[in-house]
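Sequence lines set the chain letters: A, B, ... in the order given, protein chains first and strands last, and positions in each chain run from 1.
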Amino acid sequence: MLQITLPDGSKRDYENPVSIAEIAESIGPGLAKAALAGRIDGALVDTSHVVAENAEVAIVTERDSDGVEVLRHSCAHLMAQAVQRLFPEAQVTIGPVIGDGFFYDFSYERPFTPEDLAAIEKTMGEIVKENLPIDRSVMSRDEAIAMFKEMGEKYKVEIIESIPGDEDLSFYRQGEFIDLCRGPHVPSTSKFKAFKLTSVAGAYWRGDAENEMLQRVHGTAWGSKADLKLYLQRLEEAEKRDHRKLGKHLNLFHFQEEAPGMPFWHPKGWTLYQIIQQYMKGVQDANGYKEINTPQLVDSSLWKKSGHEAKFSDEMFTVEAADNRIYVIKPMNCPCHVQVFNQGLKSYRDLPLRLAEFGSCHRYEPSGSMHGLMRVRSFVQDDGHIFCAEEQIQAEVASFMDLLFAVYRDFGFNEVILRLSTRPEKRVGSEELWDKAEQSLKDALNATGLHWELVPGEGAFYGPKIECSLKDCMGRIQQCGTIQVDFFTPGSLGAQYVAEDSDRKTPVMLHRAILGSFERFIGVLIEQYAGAMPAWLSPEQAIILNITDKQAGYCLNLEESLKNKGFRVSADLRNEKIGFKIREHTLQKIPYLLVVGDKEVESGTLAVRKRGGEDLGTMTIDDFCDHLSQDVAHLGRSGVIKEIANNVNGVAKEDVAI
RNA sequence: GCUCGCAUAGCUCAGGCGGUAGAGCACUUCAUUGGUAAUGAAGAGGUCCCCGGUUCAACUCCGGGUGUGAGCACCA
């Protein structure tokens, strides 16, 4: 006799041990059919799993996010089976669930083509129709290795050999296909209702560029066709936010072949850039930073000393001048900041010394890594270096984190991904220093009270770092802010200060940036707002539209007085219908459209329409200035001003709160 | 850097078993002076990414490059 407690609290008694599938059947045939997996006391299991003791049991279906995840994992197996039917020589490797889908990496004599993808998808459909049961079994390591060796699956053999311990391994078989897997999996291949293979790309075996390149096939799977359709629509919507598209459409910047990875900023884009830079200047001034500026070209000897040349010579641009010296176009500002620190004898009383620079840097990034504004070869960071004593690290890192969150909130980012990257294989400095540095960053992260993730081995060669990342429109993680502890560079470049006991000591340097590169940050910002910048950032805050030529003079006066108040305003006096102008400037995502006809001229007012379509009615110039000033003053802090999400003819629906 | 895909008008994209090309929008001109998401008409606009090869003939086929997209690797 055992008692099963269901999620609704109801209890059911069974005479003998029962499987999840049997429990589902006993509840109802519909549920039995829908069952993809089960959950026993929180742990996911197959529907074939037998419950022998009293437990809390849930039947997992496609309506459950865990159910969809199981479905995706099983769909990866389904795809692998189809691949091996079509290409018996193909070897299987790994096939995990990711985000909204899954992938599977195959080794094959040639890359898969888009036509292959279609064929694989078709074969998957056939296997679904075959309704093959998916059965779990257990094998010892040795048995498993022998089996995969016989099958010629050398990657699977390698995977099993790298699993520590000698416990038994679980396997899942469906028809002729068997795969090593922890599971759980859906009970049969008939369970797949909506899947689609999305792309094929190369991926290195075990993520190492020294290894063979495998064929990675990406796919997505959903509980229903409707969900799949919604997902594909969501993808399309996300693509509309792509900063590369919007950058072109809103005339913010462009790239061209002659300068790969180096943006050409247009007037509107540069206005946005400058607003952000001026904002950061203010933030830094108010927080104890001294702004400096250092040379673009510095003799390669400095980069040798700093250790950068040894590691990054392939990624540095250089210039050979008429004096036969090799100058490096600076890839970063830190060695130059140490030079500024080194001028004049520093005392412990000078610490912490916070130097900041909007320094233009160039790096020869690998061609395949470039991505719009997110990864460029020329960029400017809101870069800063804090020279401090060891005992000041903790406080400096903590106040930096506070500052960073305040800035992100101003830009409307309420979700930040925090990661701590610790010592990499190739590194400088003693273990003791690394211990200390990593601990101080951990302490600072814990002090934020927020969730953070440890990324072992991903630190810089000179020290560990905290990375603060945001997501782009496709959900890719973009690293923006960072703070890095560096016990090495100051010493290697001869930085010293006089301590209280009049001994010479080497300061610690904290590399830090809040936005990171302006380029990347603006890229993320554009995607965050889908191009509809809040008023404080919008390159054009308002545009004045006349109904007919008669109001032209009034409009020009209006434009001048708004400009005199510091607003970014222009007038569109073209001989076009008002509807045409409204449409055009709405598509350009200008926050306020100011319409002037005879009525407004007569009463000395203007009619205000917001970008989302909301009509604020007629108001005086002063009232409008007050309104716009208030809007600007709120920056991008969300929840302060809410724009009514009017959806006029379906065009402006991507507008977000301003 | 690696794998695969893509490159046609300012933009978004069609197109052709190899015979030098089209649409919509934008642009120019003319008419129109209209109250909240496209007024009408006419016109102009292309080395079909670059360099080679095959061919009577290449934008199209082949090779190499460059740029770009997805993914991998890298990211001071």
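- Separating the NE2 atom of A:His249 from the P atom of B:C25 is a distance of 15 Å, rounded to the nearest angstrom.
- Within 4.0 Å of A:Ile578, counting heavy atoms only, lie sugar-phosphate atoms of the nucleic acid but no base atom.
- Residue contacts for A:Glu309: at a heavy-atom cut-off of 4.0 Å it reaches no nucleic acid atom on any strand shown.
- Checked against a 6.0 Å centroid threshold, the rings of A:Phe102 and A:Tyr104 do not count as neighbours.
- Separating the P atom of B:C56 from that of B:G67 is a span of 35 Å, rounded to the nearest Å.
- A:Asp615 places its CG atom 14 Å from the C1' atom of B:A37, with the value rounded to the nearest Å.
- Straight-line distance from the CZ atom of A:Arg574 to the C1' atom of B:A38: 12 Å, rounded to whole Å.
- Note: CD (A:Glu576) to P (B:G35) measures 15 Å, nearest angstrom.
- Centroid-to-centroid, the aromatic rings of A:Trp222 and A:Phe195 stay 6.0 Å apart or farther.
- Using a cutoff of 4.0 Å between basic side-chain nitrogens and carboxylate oxygens, A:Arg216 and A:Asp105 are scored as salt-bridged.
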Fill in the blank from the handout: Reading nucleotides 63-76 of chain B from 5' to 3' and marking B where a protein heavy atom lies under 4.0 Å of the base, S where only the sugar-phosphate is that close, and - otherwise, the string is ---BSSSBBBBBBB
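- Distance CD (A:Glu584) to P (B:U39): 10 Å, rounded to an integer number of Å.
- Rounded to whole angstrom, the span from the CD1 atom of A:Ile582 across to the P atom of B:G34 amounts to 16 Å.
- Between A:Phe518 and A:Phe358, the distance separating the two ring centers is shorter than 6.0 angstrom.
- B:U68 sits 38 Å from B:A42 when the C1' atoms are compared, rounded to a whole Å.
- Nucleotides B:G18 and B:G69, compared at atom C1', are 29 Å apart to the nearest Å.
- Between A:Glu584 and A:Arg574 there is a salt bridge, with a side-chain nitrogen of the basic residue lying less than 4.0 Å from a carboxylate oxygen of the acidic one.
- Residues A:His218 and A:Phe103 bring their aromatic ring centres within 6.0 Å.
- Heavy atoms of A:Gly579 sit under 4.0 angstrom from primed sugar atoms or phosphate atoms, though from no base atom.
- Nucleotide B:A31 holds its C1' atom 14 Å from the CG atom of A:Asp549, rounded to whole Å.
- Nucleotide B:A31 holds its P atom 10 Å from the CG atom of A:Asn575, rounded to whole Å.
- A distance of about 15 Å separates the C1' atoms of B:G53 and B:A57, rounded to the whole Å.
- Scanning atom types as modelled, one donor and one acceptor separated by under 3.5 angstrom connect the side chain of A:Glu600 and the base of B:G35.
- Counted by atom type alone, A:Thr294 and A:Glu357 present one or more donor-acceptor pairs between their side chains at under 3.5 Å.
- Comparing the P positions of B:A37 and B:A41 gives a spacing of 22 Å, expressed to the nearest Å.
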Exercise for the section: In sequence, state the C-alpha distance, the side-chain angles, and the governing distance for A:Arg419 and A:Glu467, and then conclude on salt bridge (Lys or Arg N to Asp or Glu O under 4.0 Å). Expected result: CA-CA 5 Å; A:Arg419 289 194 288 206; A:Glu467 287 177 11; 3.7 Å; yes
Listed pairs under 3.5 Å, donor-acceptor, residues 311-319 of chain A side chains, sequence neighbours left out:
none

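- Between B:A73 and B:C61, the distance separating the two P atoms is 34 Å to the nearest Å.
- Atom C1' of B:C13 sits at a distance of 32 Å from the matching atom of B:U32, rounded to the whole Å.
- Between A:Lys248 and B:U12 there is a side-chain polar atom (N or O) within less than 4.0 angstrom of OP1 or OP2.
- A:His627 and A:Tyr592 have their aromatic ring centers within a separation under 6.0 angstrom.
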Exercise for the section: Give the intermediate values and the outcome of salt bridge (Lys or Arg N to Asp or Glu O under 4.0 Å) for residues A:Lys240 and A:Glu237. Expected result: CA-CA 5 Å; A:Lys240 284 186 200 156; A:Glu237 288 300 316; 3.0 Å; yes
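- Remark: the separation of the C1' atoms in B:G46 and B:A26 is 16 Å, to the nearest Å.
- RNA chain B is contacted by both A:Val596 and A:Lys245; A:Lys245 maps to the nucleotide lying nearer its 5′ end (nearest heavy atom per residue).
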Handout entry: Pairing string, 5' to 3', for RNA chain B - Watson-Crick or wobble contacts under 3.5 Å, brackets [ ] where pairs cross, | to another strand
Key = (((((((..((((.....[..)))).(((((.......))))).....(((((..]....))))))))))))....
